[in-house]
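Before any comments, here is the structure.
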Amino acid sequence: MATSFRDALNSGKFVITSEIGPPKGTNLEKMYHHIDLLKDKVDAMNVTDHQSSVMRFPSIGGCLAIKEHGGEPILQMTCRDRNRLALQAELLLAYTRGIRNVLCLTGDAVPVGDHKEAKGVFDLDSVQLLRTIRQLESGKDLGENDLDGAVEFCAGAIVTPEATPIAPQLVKFEKKIEAGAEFFQTQAIYDLDNFGKFMQYARQFPVKVLAGIVLLVSARMAKYMTENVPGIFVPQNLIDELVAAPKGEVLNKGIEIAGRMIAALKNDSTCDGVHVMAIGREEVVPDILAAAGL
Amino acid sequence: MKSITRQKPFDEIKEELEGLDRIYIIGCGTCATMTRTGGREEVLDMKDHLQEVGKMVTGWTVIPTACDEMTEVALRENNGAIQNANCILVMSCALGVHKVNSYIDKPVIPALDTLFIGIEDEPGNFHEVCAQCGQCVLGQTAGICPLTACHKGLLNGPCGGTNNGKCEVDKEKDCAWTLIYQRLEAQGRLNLMRKYQPIKNYQVVPRPRVTKIV
């Protein structure tokens with residue numbers, strides 16, 4: 001049985017996913033609002049899993065909310081906080097509740113987050129988590145015990161096309177594909193020529209690649225990400241554009257840049273779609289899509 | 001093997017010594033001397049500190065290697081001063097603390113925290129080399145342990161947090177998988193990194209870990 005996000009991936013259309021960041025607390029109103037805003041405009045919505053190791057409402061809770069609101073969720077699952085028992089159990093829960101898509105990640109390191117003294121688990125890594133999904137699909141758990149009812153997931157992973165050095169990342173990219181990854185959502189990309197080169201390489205593999213588009217909200221943010229976020233590089237010409245934008249128009253400029261990039265990726269058929277991350281500004285995702293002509 | 005230690009904050013030591021006013025101090029002539037945490041000089045400093053806060057130091061010794069069998073002999077030789085004390089403050093790694101504990105019924109208080117097993121790569125600079133996982137992978141990782149040298153202990157390659165060969169938790173620290181890649185490439189053995197590393201057995205010897213050599 002194919003899944004609807006998997007159907008979208010295999011349809012040949014330019015696929016669009018976006019991201020929902022669950023709240024820190026039990027007030028879900030804003031998250032529901034973002035879900036309602038995006039559910040009919042994108043093919044699926046990722047829900048982050050304690051992004052940047054900051055404790056929040058869980059990814060699976062966000063995915064259930066998306067299901068309740070009639071959207072298509074992608075369960076982000078990191079290996080940071082759960083051992084193999086907990087990860088498998090959550091996959092069983094997800095499947096029984098209609099969640100059919102999982103993005104497997106290593107997870108950020110504990111000390112970068114807001115519970116710096118916590119024990120990082122990392123019982124599995126992202127490659128092993130992908131294999132775990134395929135194992136559960138075969139009807140057996142990681143202990144080779146029979147399951148009374150198996151799972152079926154469209155499983156994906158991430159890749160950082162602008163990582164330095166790139167070669168070790170590509171070894172892992174290929175291991176993720178061998179482990180069963182069907183789709184990749186990339187870390188934010190801004191240099192389309194560079195990304196084009198990555199795609200020329202990635203095209204030899206039977207996987208779908210959605211380019212990561214992170215909304216730039218200020219020149220300061222662009223510089224900060226370039227200097228501090230591994231694998232993100234915002235070219236100077238984009239920073240100059242943001243600097244030159246009139247006061248009060250910087251966000252619109254960021255929306256325009258994101259829309260322009262998405263349109264270019266689509267028109268050139270560079271990749272199979274985009275994953276739009278408007279961290280904290282989810283309400284402008286429809287504007288970004290409009291700016292892209294979608 | 002070097003056991004890398006760090007002296008506990010003096011306030012913490014003082015707290016553990018509450019109600020224990022007559023103290024015998026034991027240092028170690030091996031690892032703790034090298035790391036300058038429990039050698040002769042540090043033992044004498046500790047003695048002064050304790051006396052300043054009104055404690056009585058009944059005696060002290062620096063055992064050549066606190067974790068070996070000679071510890072029993074050293075303790076016997078210093079029996080008088082030890083009997084005069086109501087506790088022993090040990091300035092060695094946890095191995096020495098255990099050894100002393102096994103010969104003495106009095107309270108044994110550690111003055112050091114044992115951080116890791118490591119080596120000194122340059123003077124005064126120690127780094128952890130082994131997590132004692134019980135399933136050595138060094139043969140496949142060009143001699144760099146991903147379980148120890150990678151913050152997340154990843155077995156199948158780098159995470160996305162690595163940048164310019166450094167680790168996301170500390171820009172001063174090398175990314176283990178970048179190093180492994182470079183060394184395997186230089187050895188013409190990158191195929192080892194391409195190979196899937198299965199999920200690790202974390203129960204090779206279940207805790208508490210014991211083994212018998214026959």
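In what follows, chains carry the letters A, B, and so on, assigned in the order in which the sequence lines appear, proteins first and then strands, with residues in each chain numbered from 1.
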Problem set entry | Thr106(A) OG1 to His151(B) NE2 distance, which is reported to the nearest 0.5 Å |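 The OG1 atom of Thr106(A) sits 12.0 Å away from the NE2 atom of His151(B).
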For this session: Could you grab the distance from atom CZ of Phe122(A) to atom SG of Cys150(B), nearest 0.5 Å is fine?
Result: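 One gets 8.0 Å once the value is rounded to the nearest 0.5 Å.
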Compare all side-chain heavy atoms of [X] with those of [Y] and state whether any distance is below 4.5 angstrom.
{"X": "Met193(B)", "Y": "Pro168(A)", "value": "yes"}
{"X": "Thr178(B)", "Y": "Gln169(A)", "value": "no"}
{"X": "Asp123(A)", "Y": "Lys200(B)", "value": "no"}
{"X": "Glu174(A)", "Y": "Arg194(B)", "value": "yes"}
{"X": "Thr132(A)", "Y": "Ile199(B)", "value": "yes"}
{"X": "Gln128(A)", "Y": "Tyr196(B)", "value": "yes"}

Look at [options] and state which one has the largest set of heavy-atom pairs under 4.5 Å with chain B.
{"options": "Asp108(A), Thr160(A), Val121(A)", "answer": "Asp108(A)"}
{"options": "Asp125(A), Leu124(A), Val112(A)", "answer": "Asp125(A)"}
{"options": "Ala163(A), Ala167(A), Pro165(A), Ser126(A)", "answer": "Ala167(A)"}

For this session: Identify the heavy atoms of Gly161(B) and Pro230(A) that sit nearest to each other, and give their distance.
Result: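 Residues Gly161(B) and Pro230(A), closest heavy atoms: O-CG, 3.1 Å.
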Exercise. Taking all non-hydrogen atoms of both residues, which atom of Asn163(B) and which atom of Gly231(A) are closest, and how far apart?
Worked result: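 Closest pair (atom of Asn163(B), atom of Gly231(A), distance): OD1-N, 3.9 Å.
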Check whether [X] gets within reach of chain B through its side chain, its backbone, both or neither, counting any heavy atom under 4.5 Å.
{"X": "Val159(A)", "result": "neither"}
{"X": "Leu142(A)", "result": "side chain"}
{"X": "Arg131(A)", "result": "side chain"}

Exercise. Passes side chain to side chain contact (heavy atoms under 4.5 Å, CB included), Lys172(A) versus Tyr181(B)? Steps please.
Worked result: CA-CA 11 Å; Lys172(A) 194 154 186 188; Tyr181(B) 180 92; over 6 Å; no
For this session: Tell me, yes or no, whether the heavy-atom count around Glu41(B) atom CD, taken from other residues, nucleotides or ligands under 6.0 Å, exceeds 12.
Result: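 Open.
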For this session: State whether the number of non-hydrogen atoms from other residues, nucleotides or ligands found under 6.0 Å of Glu52(B) atom CD is greater than 12.
Result: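 Yes - once you tally the heavy atoms of other residues, nucleotides and ligands closer than 6.0 Å, there are more than 12.
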For this session: Tell me, out of Gly157(B), Gly160(B), Pro158(B), Cys159(B), who's got the most heavy-atom pairs with chain A below 4.5 Å.
Result: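 Most heavy-atom pairs under 4.5 Å with chain A: Pro158(B).
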Exercise. With a 4.5 angstrom heavy-atom cut-off, which part of Lys195(B) approaches chain A: side chain, backbone, both or neither?
Worked result: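 Lys195(B) touches chain A through backbone heavy atoms alone.
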